[in-house]
> 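Here's a structure for you.
Computed from a predicted structure; not experimentally measured. This chain uses plain numbering: 1 for the first residue, then up along the sequence.
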Amino acid sequence: IPLYGAINTKGEVVIEPKYVTLEYFGSGLYYAIDSQNEQLDNMDEWEVNILENTGRVMFSFKKKDYYIRNGNGIASPFCFTFKDGYGVLSDYSGANWVIVNREGKELLMSDGTKRLDKSCRSGKYFTFIDEESRAYGIMDINGKVIIPAKYSSITWVDKERFCGIKDRDSMEVCDYKGKILFCQSYGGMIPFNKGYSCVFPQGLCEFVNTKGETVKTKRMYGEFNYFDHELLKPVVSDKH
């Protein structure tokens, strides 16, 4: 079984190669499972360590406590991701969650009324799903509701704006104070790139600026990648 460690840019070993899983999760932290865990028959009892890039353990928890989706030994950053210094831990259902800082200090815990969409976040803002209405809204890192749950889905379009979709023919682009910047009769859009985005009316690809003005229209061929590389890019610590 291969064991994993880490080296710095000088080739010096900074994390000893003794981990069966070692994944980078942003903000200079690693998700690690020590090879000594394999001595335990029950995988649920395995201890997970969150390491700084020097190998120092920042905090730990039992594997059974939080759901980490694994594929071929690789933990998915969409289930446990540190970005902008904050990480989200949740159980299998996603109904019970906690937001922690780099040291594992609890910042906000679920009260049972909201389910976090952990892959949809920007800075201190998180998309949530209201457990009763199943509608989407936005709250901040302190749990304050910034945008009430009134959308069928929400996507980020940049660090200052989001797209709230009401139905397949209606969406609103708003800032994080809830001010509507422009509306479109489309069911979605991709993130802004250098001040431009795309919407897709009836088989067309329509390029719009940040004011919602159409600057070019083309027939759409194939599919677009909706992954927002910039917003999901991990923050690297000064030590990394």
> Just checking Glu132: does its CD atom have more than 12 heavy atoms from other residues, nucleotides or ligands closer to it than 6.0 angstrom?
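At most 12 heavy atoms, drawn from other residues, nucleotides or ligands, come within 6.0 Å of this atom.
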
> Ser35: which residues meet the side-chain hydrogen bond (donor to acceptor under 3.5 Å, both in side chains) condition with it, sequence neighbours left out?
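Per chain and number, Ser35 pairs via side-chain hydrogen bond (donor to acceptor under 3.5 Å, both in side chains) with no residue.
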
> Could you check if a side-chain atom of Val208 sits within less than 4.5 angstrom of a side-chain atom of Val215, using non-hydrogen atoms only?
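Heavy-atom side-chain distance check fails, nothing below 4.5 Å.
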
> Side-chain contact, heavy-atom cut-off 4.5 Å: Glu160 with Thr210?
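SC-SC contact between Glu160 and Thr210 ruled out.
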
> Start with the C-alpha gap between Lys62 and Asp65, add the side-chain angles, then the distance that decides, and say whether salt bridge (charged side-chain N to carboxylate O under 4.0 Å, His left out) holds.
CA-CA 5 Å; Lys62 295 288 186 181; Asp65 293 339; over 6 Å; no

> For Glu12, what residues pass the side-chain hydrogen bond (donor to acceptor under 3.5 Å, both in side chains) criterion, not counting sequence neighbours?
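Counting only residues at least two positions away or on another chain, Glu12 forms a side-chain hydrogen bond (donor to acceptor under 3.5 Å, both in side chains) with Asn8.
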
> Determine yes or no for a side-chain-to-main-chain donor-acceptor pair under 3.5 angstrom, with Thr214 supplying the side chain and Lys216 the backbone.
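It does not hold such a pair.
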
> Are the side chain of Asp140 and the backbone of Gly143 linked by a donor-acceptor contact shorter than 3.5 Å?
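Pair found, side chain donor or acceptor close to backbone of Gly143.
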
> Just how far is it from atom CZ of Phe59 to atom NZ of Lys105, taken to the nearest 0.5 Å?
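Reported to 0.5 Å precision, the distance equals 13.5 Å.
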
> Group every Ile, Leu, Val, Met, Phe, Trp and Tyr by side-chain heavy-atom contacts under 4.5 Å, then state whether Val57 and Leu22 land in the same group.
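The answer is yes; both residues are in one hydrophobic cluster.
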
> Is there a donor-acceptor pair under 3.5 Å between the side chain of Ser152 and the backbone N or O of Ile165?
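Between the backbone of Ile165 and the side chain of Ser152 there is a qualifying donor-acceptor contact (under 3.5 Å).
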
> When hydrophobic residues are tied together by side-chain contacts of less than 4.5 Å, even through go-betweens, does Val13 share a cluster with Val20?
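No, because Val13 and Val20 fall into different hydrophobic clusters, even though each may have its own neighbours under 4.5 Å.
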
> Rounded to the nearest 0.5 Å, how far apart are CG of Asp175 and CG of Asp158?
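That separation rounds to 10.5 Å.
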
> Any chance you could measure Glu47, atom CD, to Ile33, atom CD1, to the nearest 0.5 Å?
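Separation between the atoms: 10.5 Å.
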
> Identify whether Met109 and Ile50 are in the same connected component of the hydrophobic contact network (ILVMFWY, side-chain heavy atoms under 4.5 Å).
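They do share one cluster, since a chain of ILVMFWY contacts under 4.5 Å joins Met109 to Ile50.
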
> Surrounding CD of Glu45 (heavy atoms of other residues, nucleotides or ligands, distance under 6.0 Å), is the total greater than 12?
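More than 12 within 6.0 Å, yes.
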
> If the test is side-chain contact (heavy atoms from CB on, under 4.5 Å), which one of Ile129, Ile99, Val98 qualifies with Leu116?
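Answer to the side-chain contact (heavy atoms from CB on, under 4.5 Å) test with Leu116 among Ile129, Ile99, Val98: Ile99.
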
> Any heavy-atom pair between the side chains of Tyr4 and Pro17 that's under 4.5 Å?
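Not in contact.
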
> Any side-chain heavy atom of Met189 within less than 4.5 Å of one from Glu206?
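In short, these two side chains do not touch, never coming nearer than 4.5 Å.
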
> Specify whether Tyr176 and Tyr125 have parallel, tilted or perpendicular ring planes, treating 30° as the upper limit for parallel and 60° as the lower limit for perpendicular.
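It falls in the parallel class, under 30°.
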
> Under 30°, 30 to 60°, or over 60°: which ring-plane class applies to Phe162 and Trp156, parallel, tilted or perpendicular?
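The rings of Phe162 and Trp156 stand perpendicular, inter-plane angle above 60°.
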
> Taking all non-hydrogen atoms of both residues, which atom of Val157 and which atom of Cys163 are closest, and how far apart?
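Minimum heavy-atom contact is CG1-CB, 3.9 Å.
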
> In the structure I gave you, are the side-chain heavy atoms of Glu172 and Tyr151 within less than 4.5 Å of one another anywhere?
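In contact.
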
> If we check side-chain contact (heavy atoms from CB on, under 4.5 Å) with Phe126, which of these qualifies: Ile138, Ile141, Ile146, Leu108?
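For Phe126, the side-chain contact (heavy atoms from CB on, under 4.5 Å) test succeeds with only one of Ile138, Ile141, Ile146, Leu108, which is Ile141.
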
> Who pairs with Asn49 by side-chain hydrogen bond (donor to acceptor under 3.5 Å, both in side chains), at least two apart in sequence or on another chain?
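In terms of side-chain hydrogen bond (donor to acceptor under 3.5 Å, both in side chains), with neighbours along the sequence ignored, Asn49 is linked to Ser60.
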
> Rounded to the nearest 0.5 Å, what's the gap from CZ on Arg56 to CG on Leu29? Could you check?
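So the gap between those two atoms works out to 10.0 Å.
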
> Got a donor-acceptor contact below 3.5 angstrom from the Asp34 side chain to the Gln36 backbone?
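Yes.
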
